[in-house]
Structure formats: structure tokens, C-alpha cells
Amino acid sequence: MSPYDSATSSGGGSGSSASSSAKPSEIDGLLAGAGYKVRSSDLRHVAQRLERLETAMVNSPAEISNLASDSVHYNPSDIASWVDSLLSELHQTASMPSDLPDLPDLMVAPAINHTVLSDAAWTDQDAPQQLNQFTVVTAMEEDSGIRLVHMLMTCAESVQRGELAFAGSLIEDMQALLTRVNTSCGIGKVADYFIDALRRRIFSPQSVCFGGSGSASLYENEVLYHHFYEACPYLKFAHFTANQAILEAFDGHDCVHVIDFNLMHGLQWPALIQALALRPGGPPLLRLTGIGPPSPDGRDSLREVGLRLAELARSVNVRFAFRGVAASRLEDVKPWMLQVGPKEAVAVNSIMQLHRLLGSDSTRNSPVEVVLGWIRNLNPKIMTVIEQEANHNQPGFMDRFTEALYYYSTMFDSLEGCALQPEKALAEIYIQREICNVVCCEGLARVERHEPLGKWRARLGQAGFRPSHLGSNAFKQASMLLTLFSAEGYCVEEKEGCLTLGWHSRPLIAASAWQAVPDANPPLGIVNHHSNHNAL
Amino acid sequence: MAGSNEVNLNESKMVVPLNTWVLISNFKLAYNLLRRPDGTFNRHLAEFLDRKVPANANPVDGVFSFDVIIDRSTSLLSRIYRPAQDGEPQLNIVDLEKPMTAEVVPVIIFFHGGSFAHSSANSAIYDTLCRRLVGICKAVVVSVNYRRAPENRYPCAYDDGWGALEWVNSRSWLQSKDSKVHIYLAGDSSGGNIVHHVALRAVESDIEILGNILLNPMFGGPERTESEKRLDGKYFVTIQDRDWYWKAFLPDGEDRDHPACNPFGPKGKILEGIKFPKSLVVVAGLDLVQDWQLAYVKGLEKAGQEVKLLYLEQATIGFYLLPNNNHFYTVMGEISNFVSSDC
């Protein structure tokens with residue numbers, strides 16, 4: 001009868017405590033281990049709702065198929081709100097009707113060893129800094145492959161300690177070893193890129209980090225981006241989920257304004273324009289403000305993109321206006337440049353841009369806080385945030401290197417299945433540039449400062465935003481998008497209202513949507529459903 | 001059915017802790033939405049609702065995990081769980097497949113439940129269970145993400161199980177000091193069924209399986225047994241849903257006498273005289289298919305095979321998902337003994 005000690009409690013969360021009396025406001029630790037968030041004090045209430053739901057489902061079996069196919073489900077981790085949303089779909093009122101008997105005090109079997117987690121732990125703030133989640137490619141069996149990785153780690157460690165001479169000699173050794181390994185795929189290919197990145201860091205960091213913002217470089221970036229877009233679904237997923245959220249947020253509004261933090265070729269927008277054109281009740285007036293780097297050669301590439309989009313909008317009868325805002329860095333953008341009108345519904349769209357604001361010198365206000373501040377002041381209907389799901393902003397070089405090795409291994413692995421050339425080759429170069437920035441650069445030059453969803457959640461919560469959950473409809477359509485890709489192994493997952501796209505169970509990119517909290521109250525890190533209770 | 005609903009739910013509430021009741025009822029209702037009357041399955045909604053967790057190479061409570069691709073052609077993934085060495089805070093990518101240091105390390109190939117249609121190796125409930133198994137048994141656990149019905153019917157799940165067995169058996173880094181991999185098969189619900197059939201396939205090979213662990217294994221047959229009639233709808237499970245899952249898994253046109261469903265039925269294989277692993281079969285007294293599970297145990301006994309039955313009178317399905325009841329600890333203790341008795 002002796003209970004096992006806390007060493008065998010749920011492994012996924014933070015440290016457990018073997019307390020026998022659960023504080024009521026705390027989340028039930030065992031259900032947390034199963035992926036559900038229910039306060040201990042709410043268990044009874046949730047049980048009652050489940051019963052009501054079952055009764056309702058039994059009494060209206062025809063409705064069940066509607067619940068499954070037409071209803072949109074949100075945030076299944078929050079059982080209470082999930083059940084309540086289904087109940088209201090089944091046209092039940094939120095209050096307990098008097099004809100249901102009060103449930104007797106449940107004589108439940110005694111629960112042993114209730115481990116509990118506090119709310120704070122749930123928001124991942126206490127999670128260990130490293131999130132080494134990865135998929136190991138089975139090519140690891142190759143001895144040379146293992147040796148290469150071993151040497152990469154040793155080399156990275158030497159770099160961290162400042163022993164550049166030793167690190168340099170290791171580079172030579174690794175390059176020799178590379179000749180005996182298949183570098184066209186698998187661990188050989190990944191190692192090749194990382195050895196290259198380390199070599200640049202040790203011997204010529206300037207060439208990587210201050211390479212230039214000349215016209216050739218910008219043009220190259222756009223080409224590489226476009227091929228990355230074609231070769232694998234990450235950017236399409238980003239565009240797709242963001243558009244879905246924006247479309248829903250714009251529902252009922254006649255004047256809408258999208259602010260795109262990185263216009264590029266505007267690949268995201270044709271789909272939104274077409275969706276707005278088909279909106280029941282007719283399309284709104286759509287303004288698009290595209291931010292991008294200034295074109296050095298006299299061309300106004302932002303305007304060119306705007307013109308193409310305007311042409312498309314005209315062809316589907318959507319009133320459209322475009323404005324380009326040229327800025328080398330996002331922090332150089334000032335809100336007045338965006339000319340947001342008072343009656344517009346605003347959507348802010350950030351695809352892999354926010355992390356670039358995380359490098360700062362500590363003498364001034366952190367750029368990310370400044371930018372999030374003015375975004376909030378715009379009171380957007382929605383802010384879509386898509387970011388790499390990785391922890392590449394850790395201060396220690398070794399940690400970053402290791403995390404990047406795992407992350408990009410997985411990403412390269414996902415590209416193996418791509419048959420399109422030159423899309424695949426150029427996509428790899430696109431990725432290689434990211435790797436180089438993470439590995440070779442420091443300070444302001446290191447812009448690829450990816451942070452995982454948990455950290456963004458906390459940061460955005462602090463800045464006065466609350467999550468706007470992405471639901472099962474977005475999930476389903478994202479999943480269907482993936483079937484267009486021959487490589488089976490991509491997976492969409494839902495996590496507390498956000499969607500991630502990953503390869504073989506490792507999430508690589510996370511999409512979330514946010515709204516500004518209306519007043520200057522304490523920021524919320526999690527959706528607070530106390531209000532649901534008060535309504536009962 | 002409507003009038004008797006309240007009675008049914010109250011009965012199930014009496015025998016499990018409240019959080020277990022919430023967990024299993026939540027599954028039950030969600031699953032009701034996923035099974036369509038025409039036999040198709042709402043896979044998108046299922047994946048959306050399933051709570052998943054990533055692998056974690058950082059040890060948590062002494063266990064770390066990572067995913068491997070066993071077969072690219074079918075995207076067959078498995079999640080490997082290993083005990084962390086003492087004082088090993090951070091693991092290199094190289095350390096994941098490091099050979100083991102102990103004299104004998106049991107390797108448990110685990111097949112998650114879900115009636116052949118639900119859940120994955122990275123479902124939170126199964127990730128948690130596998131982590132517990134590592135700690136309790138001092139074993140390496142390989143959780144197989146087998147293909148599911150109705151999209152992939154018999155024999156896909158068994159093929160994947162077999163593939164995982166071959167893979168595990170051929171990993172040098174999973175060998176104990178005697179240069180052999182000490183393999184046990186374990187699974188709950190449909191996973192228990194898979195255990196039996198993979199072990200059966202292994203009989204004709206030179207892969208040795210040291211033991212089978214079947215937790216509430218999913219078996220059935222064409223007749224309605226007494227336990228099915230008595231317990232229908234009372235403890236989270238109905239005959240109707242069991243029928244649906246068999247229909248989704250078995251080949252079109254087959255009935256529940258198919259040997260996949262009814263291994264000791266008229267179409268089953270004869271197990272007399274063959275070298276079949278010893279079995280530990282756990283049966284929950286409130287599981288409506290217990291008559292089939294007990295018949296399975298009898299079948300093994302009659303064939304002269306070594307089998308231990310652990311019958312837990314007051315247990316329902318899923319009792320092993322949360323460590324908040326005595327059955328959980330009883331079973332974990334038995335499993336631990338089972339895999340260590342060969343050391």
C-alpha cells in the first residue's frame with residue numbers, strides 16, 4: 001500500500017511535491033501530467049458538466065455529428081471550457097437547471113499522492129532553460145557520423161572557452177572526417193553545415209555577420225526565402241494559420257488594415273484577398289501596410305509588390321490600398337508611419353520577426369518592449385505571431401549550438417523528402433544562413449534569436465496581450481495543407497490555443513494569435529476563465 | 001438509455017478517484033464525437049484533441065526520452081525512454097544511443113492503447129506511463145507509434161510491432177552485458193492485443209522475447225459474454241463502441257472470430273508445444289470484456305504456456321493512467337518483478 005515517492009510522478013512537468021492536501025486554487029497535478037488543466041477545486045464542477053454533456057449527447061444523437069464536424073473546438077486542455085462550449089452548441093443554458101438533482105457528495109476512492117502544480121509553473125516560466133527536443137535520424141548508427149558529432153561538441157565547447165586555436169585544429173580534423181562520410185544526406189549533411197558555421201566563427205566572423213545589406217544580398221535573401229517557401233510547408237503553414245486568424249478577426253468589419261512586418265514578395269496576401277472577396281456580405285476595404293528593408297538600388301520593391309497585390313485585388317473586386325514602409329530594422333518603425341485610421345480594424349502580422357528584436361544593448365529600452373508597446377496602443381483586433389519553436393537565444397554558446405544542432409537536423413531531415421530542385425538546394429542555403437547567424441554572430445549582429453512558445457507567451461502576457469485561441473478548424477485545414485506534401489512526417493499539433501508544425505513529432509514552428517488586453521490591468525499570462533464560473 | 005443514465009454514471013463515480021473519473025469521462029465523450037456511424041473516423045479532430053508532449057533529452061525525474069524513425073517508408077516512429085545516469089545533467093546527441101552500463105537492462109517494447117484507433121506514442125498519458133515504467137523497472141522503454149485504424153487495418157499494427165521488435169533486437173546499444181537485448185513486450189488495451197500477436201510472429205524467428213505484459217488487453221468474439229451484458233455502459237465502455245473498433249480494425253467483411261480479435265477462437269493458432277513467452281495478464285474486474293481476457297488466460301494455460309493472471313476486482317479501464325489508486329501500485333510492483341525475475 002505504500003505510495004511511490006515523487007520520483008515516479010508525472011515526468012513532463014516541473015518538479016513535483018508529494019503533498020497530501022491540495023490547495024484549492026492549484027491545478028490538479030495528475031491531470032496536468034495527462035495534458036489537462038483543471039483546478040483541484042473545480043474537479044467536482046467539471047465532473048458535473050461532463051455528466052450534463054453526456055446526458056445531452058445521449059438525448060440528441062443527431063447533434064453529435066454536428067458537434068464533430070461543424071463546431072469549432074478550442075483549447076482542449078481546458079476541459080471545463082471545452083465541455084461548456086459543446087454544451088452551448090447543444091443549446092443548453094449555462095446555468096444549472098433546477099430539475100437536475102444536486103449530486104451527492106461523491107464518495108470517491110481516496111486519492112493517493114496528489115501532486116500539484118501552481119499556476120505559475122503551468123506557464124513554463126520555471127521550465128529548464130534548455131529544451132532539447134529532437135528527432136534522431138537513424139543514420140546515427142554510422143560510426144563516423146557519431147564521431148563527427150562528438151567532435152562538433154568538443155569544438156563548440158572549446159569555442160565557448162575561448163580556445164580558438166584548439167577549436168581551429170578540430171575544424172581541420174572534422175573536415176578530414178567529412179570526406180569519409182556521406183554528406184549528401186543525414187547526419188553528414190548537417191555536420192557539414194555546422195562545421196562550416198564553426199569555421200566561419202573561428203576564422204572570419206565579420207564576413208558572416210556584417211556581410212552587408214547591399215542590393216545583391218537583399219535580392220539573394222528574397223530568392224532564398226521564396227525557394228524555402230516552395231520546398232517545405234513551414235512558411236505556408238505560417239501564412240495559412242495567420243490568414244485564418246485574421247479573417248476571423250475581421251469578421252463584421254468594413255475597414256480593415258493589415259500591417260505586415262516583413263512583406264517580402266507578399267506571398268501571404270493573395271489568399272487573404274481572395275478569402276475576403278468571397279466573404280458573405282462582401283469584402284471590406286482592405287489596407288495593407290508592408291514593412292521591409294529599403295531597396296538600395298533606387299527600385300521601390302515594396303511598391304512593386306503593392307502594385308501586384310493591388311492588381312489582384314482589383315481582379316476580385318476588393319477595394320485595396322497599399323503603403324510601403326521602408327525600415328532596415330523593425331525597431332526603426334514608428335507607429336505614425338503606419339497611419340492607422342481610427343475606425344479601422346487592425347491586424348498585425350509578424351512572421352519570424354519578433355525574435356529579431358531580442359538583441360539589445362542594455363543602455364536603452366529593450367526594442368521588443370517598445371515595439372510590443374506601440375502595437376498594443378494600436379489596439380489591433382488580432383496580432384498573429386509565428387516564430388521558430390526553438391531556444392536559440394540562450395546566453396551560453398554551447399547551449400545554443402547544441403539546440404541548433406538538434407533543431408536544424410530535424411529541419412534538414414524534413415527537407416530530404418523534397419524532390420523539387422533547385423528549390424531544395426536553395427532552401428538549404430536559406431537554412432544555412434540562419435545557422436550561421438545563430439552560431440557565428442554575437443551582439444546586435446545576431447538577429448536569429450529564436451525563443452520557444454512558452455517564453456513568447458510569457459513575454460506577450462507581460463506586454464498586455466492575451467491569447468486568441470486557434471481552433472480545430474484552423475488545425476484541420478493546416479493538416480489538410482500538409483497532405484499536399486509528399487513527405488509524410490509533418491505533423492500539426494495544438495497546444496493551449498496555439499498550433500505548431502513539426503517534423504516527426506518535433507515542433508519546429510509555432511503559430512499563435514493575440515489580442516490586446518482592453519485596460520491597463522495586470523497582464524494575463526493564461527486565459528482566465530473565472531468569468532465562466534461567475535456566469536453560472 | 002436516457003432514463004438509466006444517471007445510475008450508470010454514479011456507479012462509475014463510486015469506484016475511481018474524481019480526477020480519474022474526469023479524465024476517462026473526458027476521453028469517453030471526446031471519442032463519441034470521433035467515431036462516425038458509417039465506420040469512418042474524424043482523424044483531424046482526434047489529433048486536435050489528443051494532448052501530446054514532446055520528447056525531452058533532459059532528464060526529468062531521472063528519465064529522458066528521444067524519438068527515432070524506425071521505418072521511413074511507413075513513417076514509423078518510436079519514442080525511447082532511458083534512465084539517466086546519476087549526475088548527468090545534460091545529454092549530448094551522442095549520449096542518447098550510448099550503450100548501457102548495468103549488467104542486465106530490460107528493454108520493454110510498449111504498445112499504447114486506444115482500441116487501435118486512438119492515441120499515439122507521444123500522447124501525454126502514455127508518455128507519462130512509459131516514464132513511470134522506466135523508473136519502476138529500471139528498464140529502457142521503446143514506445144511504438146504504430147499505424148492506427150480505420151485508415152490502417154489489420155495487420156498494419158502488427159507489422160509495425162514486428163518492425164519495432166526487429167529494430168530493437170538489432171541495436172547494439174540496447175544489449176545487456178551478455179551481448180543480448182533482453183526484450184519484453186507490454187501494452188494496454190489494443191496494445192495488449194498487439195503484444196500477443198507480435199509474440200506469436202516471433203515464435204517462428206530467432207528473436208527471443210522474455211515476457212509479455214498485457215494490461216486490460218483488447219480481445220473479443222462474436223458472442224455477447226456475461227460480463228459484456230452485465231457491465232455494458234456502466235464503467236465508461238459500451239458494447240457498441242467495442243463493436244465499432246473491431247469493425248474498424250478487422251479486414252472488411254470479417255467478424256469477431258477473426259484470430260486477431262479472438263486468438264483462442266475457432267480460427268486461432270494452436271499454441272501447444274511452441275516456445276511462447278511467459279505472460280502477465282492484468283484484468284480489471286469492471287472491464288466489460290473481461291470474459292474474453294479470462295478466456296485468453298485459460299487458452300494460454302491449456303496450451304501449457306506460463307501465464308500469471310492478476311485480477312483486480314474493483315478496477316476499471318484506465319486505472320493505470322494515474323498513480324492515485326492501489327491497483328496502480330499493485331500492478332507496477334508485479335510488472336517490476338516480472339521483468340527482473342530473469343536477471
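Chain naming here is simple, since letters A, B, ... match the order of the sequence lines and numbering starts at 1 in each.
- Residue contact with chain A, scored on non-hydrogen atoms closer than 4.5 Å, involves the side chain of B:Asn122 exclusively.
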### Task
Show your working on side chain to side chain contact (heavy atoms under 4.5 Å, CB included) between A:Lys476 and B:Asn42 and close with a plain yes or no.
CA-CA 10 Å; A:Lys476 174 175 176 175; B:Asn42 193 336; 5.6 Å; no
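- A pairwise comparison of heavy atoms in A:Ala68 and B:Leu33 identifies CB-O, 3.1 Å as the closest pair.
- Going from atom CG of B:Leu322 over to atom CG of A:Asp28 covers 8.0 Å, rounded to the nearest 0.5 Å.
- The residue among A:Ile79, A:Val83, A:Val46 with the most heavy atom pairs within less than 4.5 Å of chain B is A:Ile79.
- For A:Leu470, the part lying under 4.5 angstrom from a heavy atom of chain B is the backbone only.
- The most heavy-atom pairs under 4.5 Å with chain A, out of B:Ile125, B:Leu45, B:Thr20, come from B:Leu45.
- Proximity to chain A (any heavy atom under 4.5 Å) is shown, for B:Arg43, by neither the backbone nor the side chain.
- Using a 4.5 Å cut-off between heavy atoms, B:Val63 makes no contact with chain A at all.
- For B:Phe27, the part lying under 4.5 angstrom from a heavy atom of chain A is the side chain only.
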Report the C-alpha separation of B:Glu47 and A:Val492 in whole Å, then their side-chain angles, then the decisive distance to 0.1 Å, and conclude whether the side chain to side chain contact (heavy atoms under 4.5 Å, CB included) test is met.
CA-CA 8 Å; B:Glu47 292 304 295; A:Val492 183; over 6 Å; no
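- Proximity to chain B involves both the backbone and the side chain of A:Ser472, based on heavy atoms less than 4.5 angstrom apart.
- Going from atom CD1 of A:Ile64 over to atom CG of B:Leu34 covers 11.0 Å, rounded to the nearest 0.5 Å.
- Atom CD of residue A:Glu54 and atom CG of residue B:Asn32 lie 7.0 Å apart, to the nearest 0.5 angstrom.
- Rounded to the nearest 0.5 angstrom, B:Trp21 CH2 and A:Leu50 CG are separated by 5.5 Å.
- Under the side chain to side chain contact (heavy atoms under 4.5 Å, CB included) criterion, A:Ser85 pairs with no residue at all, not counting sequence neighbours.
- Counting heavy atoms from C-beta on, the side chains of B:Pro54 and A:Glu493 never come closer than 4.5 Å.
- Ranked by heavy-atom pairs under 4.5 Å with chain A, the list B:Ala124, B:Cys130, B:Pro37 is led by B:Ala124.
- There is no contact between B:Asn145 and chain A, counting heavy-atom distances below 4.5 Å.
- For the atom pair B:Asn19 CG and A:Tyr36 OH, the distance stands at 13.5 Å (nearest 0.5 Å).
- The residues B:Lys13 and A:Glu51 are annotated as salt-bridged, a charged nitrogen and a carboxylate oxygen being separated by less than 4.0 angstrom.
- The distance from atom OH of A:Tyr490 to atom OG of B:Ser75, rounded to the nearest 0.5 Å, is 11.0 Å.
- Every pair tested for salt bridge (Lys or Arg N to Asp or Glu O under 4.0 Å) that includes a residue from residues 31-40 of chain B fails, sequence neighbours excluded, so the list is empty.
- With a threshold of 4.5 angstrom between heavy atoms, B:Ala121 does not approach chain A through any atom at all.
- Side-chain contact between A:Leu30 and B:Leu23: absent, with no pair of heavy atoms (C-beta onward) separated by less than 4.5 Å.
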Report task. Evaluate the side chain to side chain contact (heavy atoms under 4.5 Å, CB included) criterion for residues A:Glu494 and B:Arg51: first the C-alpha distance (whole Å), next the side-chain angles of each, then the deciding distance (0.1 Å), finally the verdict. Result -> CA-CA 8 Å; A:Glu494 187 277 350; B:Arg51 308 291 78 209; 2.6 Å; yes
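- The heavy-atom pair separating A:His504 from B:Asp67 by the smallest distance is O-OD2, 4.1 Å.
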Exercise for review: Could you go through the side chain to side chain contact (heavy atoms under 4.5 Å, CB included) check for B:Arg79 and A:Ser505 one step at a time?
Suggested key: CA-CA 10 Å; B:Arg79 180 163 289 180; A:Ser505 84; 4.0 Å; yes
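- Contact annotation for B:Leu49: both backbone and side-chain heavy atoms come within less than 4.5 Å of a heavy atom of chain A.
- Without hydrogens or angle criteria, A:Ser479 side chain to B:His44 main chain gives no donor-acceptor distance under 3.5 Å.
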